[in-house]
Structures are given as structure tokens and as C-alpha cells.
**Q** 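Structure incoming, see below.
All values reported here derive from a predicted model rather than from experimental measurement. Letters A, B, ... mirror the listed sequences (proteins, then strands); counts begin at 1.
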2 protein chains.
Amino acid sequence: MNKVVEVLKAVSDPTRMRILMSLMNGELCVCRITALLDLAPSTISKHLSILRQAKFLKSRKDGKWIYFELNDSSQENLVTKTLELLRKNLENDSIIKTDAVKLGRILQKSREELCKNQKIK
Amino acid sequence: MNKVVEVLKAVSDPTRMRILMSLMNGELCVCRITALLDLAPSTISKHLSILRQAKFLKSRKDGKWIYFELNDSSQENLVTKTLELLRKNLENDSIIKTDAVKLGRILQKSREELCKNQKIK
DNA sequence: TTATTATTTCGTTATTTGACGAATTATAAA
DNA sequence: TTTATAATTCGTCAAATAACGAAATAATAA
């Protein structure tokens, strides 16, 4: 039961839901996720570690940057099914749609010009 | 998003998971759920109200007793899918299996002989 | 009626959680 | 090497949560 609790707790926070949804179209570096969500980097980092611990995410390093992506290969049926559930139930959510638009803008900027504490409206 | 958060938060607590699983085979009165879980009646009542608020449960009154049952008719796809997820991922859980055995014993007793603060091992 | 029982509500307390900034680590750039 | 940047870890604080017991409510039983 602990594993199930861990997975569902991980996903039942609005910020972490937004992170998962923002990764539905591919990996992102931490600084882009931070720019998207307007929270302190340390806060985002903590959320990411909770999601990774629960097996929702995996990460890779690229120099200074760390990229996170959905761990769909996670043979863990529960994780995969939970992601499906989120996708289905949040794709029309207004916050998620706003995030998607903002993410589009964030992706147009290079990491270099983006990642100095810049706020994107 | 609030609705999704409410539903997933409701289900990501071990006691509430056990309550939901205990109801998979049909309705139970509060006193039987309380006897099953060894928690104070007020605690159980609070958990039940959280689950009802999130639309996992509905209740009916029978004299002194209040019965709760799963709200599968809850056209809410999210609720139904979440219950499926729980069922699949918890049916082999050791705590859930122990609960099922204990519930069997609890169901053999009448409400009257059960419901005076009796503890069932 | 009065007493008892089932459940809920309320107030309190301890624990968990989510947020932040400061300090730390690791890498890249000057 | 020194400086700057990306990310994490740590300590702190406020808010949320889960537990309890006491009191309130509602129904039955005596």
C-alpha cells in the first residue's frame, strides 16, 4: 500500500500536476519548469524530487542543465495509468491551457537568455 | 484542476484507501467500518465525509445507522477510473487482505452485538 | 419520559507539507 | 583561476492534515 500512497500523494498537488502536464510533450530543463511556474528554484527542485522518487520522472544531465522527462517506460502500471488519468482530466483545464501557451513562449527563448531569474508573463 | 486535486487527495491516504477497499463488496454502516479500522469514530466520520465530498461515496440512513457505499454510478469518470486503479493495485496488498478477513468476521456479528465499542482482533 | 446508541461537529494537538532564502555543489564561461 | 549559472540541500516558518476526546444530534430502547 505504501507504494500506491506514495504515487497518489505525489500526483495530488497542483504544482506537481502542472509539472507533469508540462512534460507531456517532452523533456524540459529545471530552469524552464521554474520559469513556467513562478516558484523558487528550491521549491521546484523539491517537487521534482518527489515526482522522481515516485517514478513519474527520470532525469539526465547536460552540462549545467538537468532535464526531466516523464518516465513512461516505467513498467509500473500504476504510474502509467495515473498519467493517463491526469491527461484525460486536465487537458481542458484552464490553468493547464494557460501553462501550455506560456510554455510555448518559454521554448522559443534559448536556455541562455531564459535562465537568469527572468520572469515570463 | 481543483476537482482533480480534491479527488486524488481524497484517495491518497492509507485509511481512506482501506475504507474504499472495504466497500468494494457492498455497503457498510459506520460502526462496522470503525470496528474494522480501529480508529476513533470521529476520525472515521471525518474520513467518510472527505470521501463523500469527493464523490467516492454516497450514504443512506437506516434508523440509527448510516450506511456508506461506493458511488460508482457517479458518472464522474475520474472517480470511477480511480476506484479501478485502486482495486487493481491494492487487491494483493497485505493490509487490504488482512482487512478483508477481519471484515468477514465483523459481518458475521449483528450490528447490535457489534456496535458498543467492541474491538475485533 | 429517560437512557442508550450511532454518528457528526468542534476544539486541540502533533505531524506533515509546501513555500522561501541561504548555503552548497557542479559545471561552464571569462 | 576566478566568476557566474543551474540545480540541490538544509533550516525555518506558516498552513494543512490526521488524530483524539468532549459535546451535540438524532434515533431507538427501556
Side-chain angles (χ1 to χ4, degrees), chain A residues 1-2 5-19 27-54 57-69 106 109-119, chain B residues 1-2 5-19 27-54 57-69 106 109-119:
Chain A
M1 190 159 62
N2 295 344
V5 172
E6 184 187 23
V7 167
L8 291 176
K9 259 196 202 307
V11 84
S12 53
D13 170 88
T15 300
R16 290 194 290 271
M17 281 186 191
R18 292 169 73 192
I19 291 174
E27 64 175 16
L28 291 173
C29 65
V30 177
C31 79
R32 285 202 158 101
I33 300 173
T34 303
L36 175 64
L37 297 177
D38 280 328
L39 287 171
S42 59
T43 304
I44 298 294
S45 181
K46 179 67 172 151
H47 283 304
L48 289 169
S49 86
I50 289 169
L51 288 170
R52 176 164 49 190
Q53 177 67 33
L57 302 181
K58 54 189 176 186
S59 62
R60 72 177 178 88
K61 207 166 184 175
D62 175 23
K64 235 176 345 178
W65 287 275
I66 298 185
Y67 281 80
F68 280 83
E69 72 175 319
I106 286 171
K109 308 215 178 206
S110 70
R111 294 180 305 193
E112 286 74 10
E113 66 174 320
L114 178 70
C115 286
K116 299 181 197 174
N117 289 335
Q118 291 184 51
K119 302 278 179 190
Chain B
M1 188 159 64
N2 294 344
V5 172
E6 185 188 21
V7 167
L8 291 176
K9 259 196 203 305
V11 83
S12 53
D13 170 88
T15 299
R16 292 195 289 271
M17 280 187 192
R18 291 169 72 192
I19 291 174
E27 66 176 14
L28 291 173
C29 66
V30 177
C31 80
R32 285 202 157 100
I33 299 173
T34 303
L36 176 65
L37 297 177
D38 282 328
L39 288 171
S42 60
T43 304
I44 297 295
S45 181
K46 179 68 173 152
H47 283 303
L48 289 168
S49 86
I50 290 169
L51 288 170
R52 175 164 48 190
Q53 177 66 35
L57 302 181
K58 54 188 174 187
S59 60
R60 70 177 179 88
K61 207 165 183 178
D62 175 24
K64 240 182 335 186
W65 287 275
I66 298 184
Y67 281 79
F68 280 83
E69 72 174 319
I106 286 171
K109 308 217 178 203
S110 70
R111 293 181 306 193
E112 288 73 9
E113 65 174 320
L114 178 70
C115 287
K116 299 182 198 174
N117 289 335
Q118 291 184 50
K119 301 279 180 189

**Q** When the distance from CD1 of Ile66(B) to P of dT5(C) is rounded to whole Å, what number comes out?
**A**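 One finds 18 Å between P of dT5(C) and CD1 of Ile66(B), rounded.
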**Q** Counting heavy atoms from C-beta on, name the nucleotide in dC20(C), dA6(D), dA18(D) closest to the side chain of Cys31(A).
**A**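 So the side chain of Cys31(A) is nearest to dA6(D).
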**Q** In whole Å, what is the span from the CG atom of Asp38(B) to the C1' atom of dA19(D)?
**A**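 My rounded result for the distance is 14 Å.
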**Q** Side chain of Ser42(B) only, heavy atoms from C-beta on: which candidate in dA7(D), dG21(D), dA6(C) is closest?
**A** dG21(D)
**Q** Report the nucleotide, chosen from dA28(C), dA6(C), dT17(C), that has the shortest atom-to-atom distance to any side-chain atom of Lys64(A).
**A** dA28(C)
**Q** Would a distance-only check, ignoring hydrogens and angles, find a side-chain to backbone donor-acceptor pair under 3.5 Å from Ser45(B) to Pro41(B)?
**A**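 No, Ser45(B) side chain to Pro41(B) backbone: no donor-acceptor pair under 3.5 Å.
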**Q** Between Arg16(B) and dA18(D), is there a side-chain N or O to OP1/OP2 distance below 4.0 Å?
**A** yes
**Q** Would you say NZ of Lys58(B) has more than 12 non-hydrogen atoms from neighbouring residues, nucleotides or ligands within 6.0 angstrom?
**A** yes
**Q** For dA19(D), take OP1 and OP2 only and decide whether either is under 4.0 Å from a side-chain N or O of His47(B).
**A** yes
**Q** Round to a whole Å and report the spacing from CZ of Arg18(A) to P of dG18(C).
**A** 15 Å
**Q** Categorize Ser49(B) for me: base, sugar-phosphate, or nothing, with a 4.0 angstrom heavy-atom threshold over every strand shown.
**A**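 Here Ser49(B) touches no strand at all.
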**Q** Please report, rounded to the nearest Å, how far the P atom of dA19(D) is from the NZ atom of Lys46(B).
**A**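 Spelled out: NZ on Lys46(B) to P on dA19(D) is 12 Å.
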**Q** Side-chain donor-acceptor pairs under 3.5 Å in residues 7-19 of chain B, sequence neighbours left out?
**A**
| residue | atom | partner | partner atom | Å |
| --- | --- | --- | --- | --- |
| Lys9(B) | NZ | Ser12(A) | O | 3.4 |
| Ser12(B) | OG | Ser12(A) | OG | 3.2 |
| Ser12(B) | OG | Leu8(B) | O | 2.9 |
| Ser12(B) | OG | Lys9(B) | O | 3.3 |
| Asp13(B) | OD2 | Thr15(B) | N | 3.0 |
| Asp13(B) | OD2 | Arg16(B) | N | 3.0 |
| Arg16(B) | NE | Ala10(B) | O | 2.6 |
| Arg16(B) | NH1 | His47(B) | ND1 | 3.1 |
| Arg16(B) | NH2 | Lys9(B) | O | 3.3 |
| Arg18(B) | NE | Asp99(B) | OD2 | 2.7 |
| Arg18(B) | NH2 | Asp99(B) | OD1 | 2.9 |

**Q** Grab the CD-C1' distance between Glu27(A) and dA7(D) for me, whole Å please.
**A** 16 Å
**Q** Can you see if the side chain of Thr43(A) gets near the phosphate of dA19(C) - specifically, an N or O under 4.0 Å from OP1 or OP2?
**A** no
**Q** Just the rounded figure in Å: distance from C1' of dA6(C) to CG of Leu28(B).
**A** 15 Å
**Q** Taking only the side-chain nitrogens and oxygens of Ser59(A), find out if one of them lies under 4.0 Å from OP1 or OP2 of dA7(D).
**A** no
**Q** To the nearest Å, how far apart are Ile44(B) CD1 and dT7(C) P?
**A**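 Result: 11 Å.
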**Q** What do you reckon, is CD of Gln53(B) surrounded by more than 12 foreign heavy atoms closer than 6.0 Å?
**A** no
**Q** Using 0.5 Å steps for rounding, measure from the SG atom of Cys31(A) to the CG atom of Leu36(A).
**A** 11.5 Å
**Q** Any side-chain N or O of Thr15(A) less than 4.0 Å from the OP1 or OP2 oxygen of dA19(C)?
**A**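 Yes, because at least one side-chain N or O of Thr15(A) sits under 4.0 Å from OP1 or OP2 of dA19(C).
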**Q** Give the rounded distance in Å between these two atoms: CG of Leu51(B) and P of dT8(C).
**A** 12 Å
**Q** From the set dT27(C), dT7(C), dA6(D), return the single nucleotide nearest to any side-chain atom of Lys61(A).
**A**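 Per side-chain heavy atoms of Lys61(A), the pick is dT27(C).
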